[in-house]
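Below is one structure; the comments refer to it alone.
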Amino acid sequence: VQLQACGGGLVQAGGSLRLSCAASGRTFSNYAMGWFRQAPGQEREYVARISGSGRSTDYADSVTGRFTISRDNAKNTVYLQMNSLKPEDTAAYYCAAASSYTRNRGAYDYWGQGTQVTVSS
């Protein structure tokens with residue numbers, strides 16, 4: 001699976017962005033999809049996940065109520081709608097694909113290249 005993320009940018013605190021991740025190469029709906037983020041000097045952390053069907057979603061506590069993950073299997077694309085952004089959301093955001101629905105970063109076999117989100121105060 002090849003993943004291509006886009007949609008990052010510079011936004012003021014309280015603003016919104018929508019990230020997209022386009023997949024190619026294998027049957028997209030067979031994979032759970034996740035979003036992770038990594039700030040400079042920090043480990044890559046889990047943000048959100050969605051099952052292959054899209055019926056199940058899950059979020060890190062830090063983004064619950066502000067971020068929404070969704071997918072369109074007909075378009076082989078997963079999205080991350082980010083609202084009420086905070087400066088601490090500043091990071092490179094990565095999409096990833098896994099054979100199981102999990103928060104475990106190590107279980108994700110395929111990764112996109114990352115897209116930078118910067119939130120100014």
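All residue numbers in this chain count up from 1 along the given sequence.
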Does R66 have any salt bridge (charged side-chain N to carboxylate O under 4.0 Å, His left out) partners at least two apart in sequence or in another chain, and if so, which? D89
Cluster companions of Y31 among Ile, Leu, Val, Met, Phe, Trp, Tyr (side-chain spacing under 4.5 Å): V1, L3, V11, L17, L19, F28, M33, W35, V47, I50, Y59, V63, F67, I69, V78, L80, M82, L85, Y93, Y110, V117, V119
Does anything in residues 16-95 form a disulfide bond (SG atoms under 2.5 Å apart)? List the pairs, not counting sequence neighbours. C21-C95
Trace of the side-chain contact (heavy atoms from CB on, under 4.5 Å) decision for K75 with S20: CA-CA 11 Å; K75 295 182 178 179; S20 300; over 6 Å; no
Spacing of T115 atom OG1 and Q4 atom CD [to the nearest 0.5 Å]: 9.0 Å
Applying salt bridge (charged side-chain N to carboxylate O under 4.0 Å, His left out), can you list everything that pairs with D58, at least two apart in sequence or on another chain? R49, R103
Heavy-atom closest pair, residues Q81 and S16: NE2-CB, 4.0 Å
Under 3.5 Å, is there a donor-acceptor pair between the side chain of S100 and the main chain of T102? no
Can you measure from CZ (R37) to CD (E45) and round to the nearest 0.5 angstrom? 4.5 Å
For the student: nearest non-hydrogen atoms of N73 and G52, plus distance: ND2-O, 2.9 Å
Please check: side-chain N/O of Q113 versus main-chain N/O of A5, any donor-acceptor pairing under 3.5 Å? yes
Residues at least two apart in sequence or cross-chain that pass ring pair (Phe, Tyr, Trp, His ring centres under 6.0 Å) with F36, listed by chain then number, are Y46, Y108, W111
With sequence neighbours left out, what residues match Q38 under side-chain contact (heavy atoms from CB on, under 4.5 Å)? R44, Y94
